[in-house]
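Just so you know, residue 1 is the first one in the sequence shown, and it goes up from there. Whatever order the structure lists ligands and atoms in, that order sets their numbers, starting from 1. Below, all heavy atoms of this structure are taken into account, side chains as well, without hydrogens, waters or symmetry copies.
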Amino acid sequence: MADLPSQPIYVDHNATTPPLPEVVRAMSEALTVAYGNPSSGHRQGEPARRLLRNARETLQRCLETPEEHFVFTGSGTEANNLALHSLARHSDCIITSAIEHSSILRSAERLQAQGKKVAHIGVSADGVVDLDALRQTLMTNPRAAISVQWINNETGVLQPIGEIAALARTHGALVHIDAAQAIGKTNASLKALDPDFISLTAHKFNGPTGVGALYARRPELIHPLCVGGNQQDGRHAGTENIAGIAGMQCALERRYAHLSEAITHMGTLRDTFESIMIEKCPWVHVNGSQERRVCNTSNLRFQDIDGQALIGRLDALGIYCSQSSACTAGRPEPSYVLCAMGLSEAQAYASVRFSFGITSTQQEIELAAKTVANEAERLKRIFA
Ligand SMILES: Cc1ncc(COP(=O)(O)O)c(C=O)c1O
């Protein structure tokens, strides 16, 4: 019998990550010093204006984008909505994949209901977007726009965004990359890809919730969703979330100052977790490509076990993990991502996502793996 955790063990970093203490301090300082409205003409607006300028500079430096054109948003979801809304204005067909985040899929659905053509590209059994199908769709839709995620939130599978961006360029299509799960977890550069739009969200890299950004290579392509004031050059009306943006900037700076160490750390934890799991429960399968995977995600299939029962039991023991994305977890549906990869509903229900972060420790991950393995064995006997 493994020792039980004396402290909760959080292994759901793809859902959200704890803000670093320095992020909390940066936010508190912003609220104290930069409380002025950045749109105010008087001097009290200047610290907030400066903070916005600095944050854009940091985003450009860390993401290596050619321009500093970032629209601050209230979430990754909002950045994705803004991207699709804008792409729809400048294309005749939106091409996306079957495994995108719900903010893309629901936005595409809404555009479709308004008469826009939308095509969904399938994925392989490994969870990788089908490039041949994408090429075919681009060939039959001359004025298309592509929206694709860099890293899948459920499986951690890395999409071939280099090839996708090259295909887009060949066919003159606009391209949007949902980088919500990628920022701070890969050192692959966006520089060479030069996409038209990139979405990100601070709470996936130890920044605060409720703040994200949309990069636009050509800001004039942004079609605002939110109108009213002239903030952000009229591209996103509403007084900016200065403290949130300060927190995002701080989190990004910290992560990029130690990016390689962070990636190595999370990768070591993921490998430790999986090797313990596979050693103790050889019947467990890893969902998604193991070669093309982000460092921190392990989506495991516990054949013949109800994943919700396992998650509930682990929750009671103080181990926090999840099934499907946090945004849809409340709905009793199997993961559409895993189903699109060809898993049966039963296999999707039997799958659980564990995701590790920079604040996770080797000791807690070893303990988590042993506890998960014990509980899985116990449930397997019950379900048999
Ligand atoms: C790939 C992906 N895109 C977008 C989002 C939405 O981000 P937010 O939670 O900030 O709305 C998420 C969040 O889980 C995500 O994983």
For ligand 1, is there an N or O atom under 3.5 Å from any N or O atom of [X]?
X	value
G76	yes
S103	no
K204	yes
D178	yes

Looking at [Y] and [X], is any side-chain nitrogen of the basic one under 4.0 Å from a carboxylate oxygen of the acidic one?
X	Y	answer
R106	E109	yes
E67	R218	no
E46	R53	yes

Determine the interplanar angle of the F354 and F302 rings, folded into 0 to 90°, and report it as parallel if under 30°, tilted if 30 to 60°, perpendicular if over 60°.
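Rings of F354 and F302: perpendicular, over 60°.
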
For the pair Y320 and Y10, name the ring-plane relationship: parallel under 30°, tilted 30 to 60°, perpendicular over 60°.
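Rings of Y320 and Y10: perpendicular, as their planes differ by over 60°.
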
Near [X], which atoms of ligand 1 are under 4.0 Å from a heavy atom of that residue?
X	value
S75	10 (O), 11 (O)
N153	1 (C), 16 (O)
H203	8 (P), 9 (O), 10 (O)
N80	3 (N), 4 (C)

Regarding N81 and S107, is there a side-chain donor-to-acceptor distance under 3.5 Å anywhere?
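Note: N81 and S107 side chains meet the donor-acceptor criterion.
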
Residue portion contacting ligand 1 (non-hydrogen atoms closer than 4.0 Å) for T201:
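The side chain, only.
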
When you measure from atom 5 (C) of ligand 1 to each heavy atom in E78, H101, Q181, which option holds the nearest one?
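Minimum heavy-atom distance to atom 5 (C) of ligand 1 goes to H101.
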
So for atom CD, which belongs to Q7, do other residues, nucleotides or ligands contribute more than 12 heavy atoms lying within a distance under 6.0 Å?
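Not buried by this count: 12 neighbours or fewer within 6.0 Å.
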
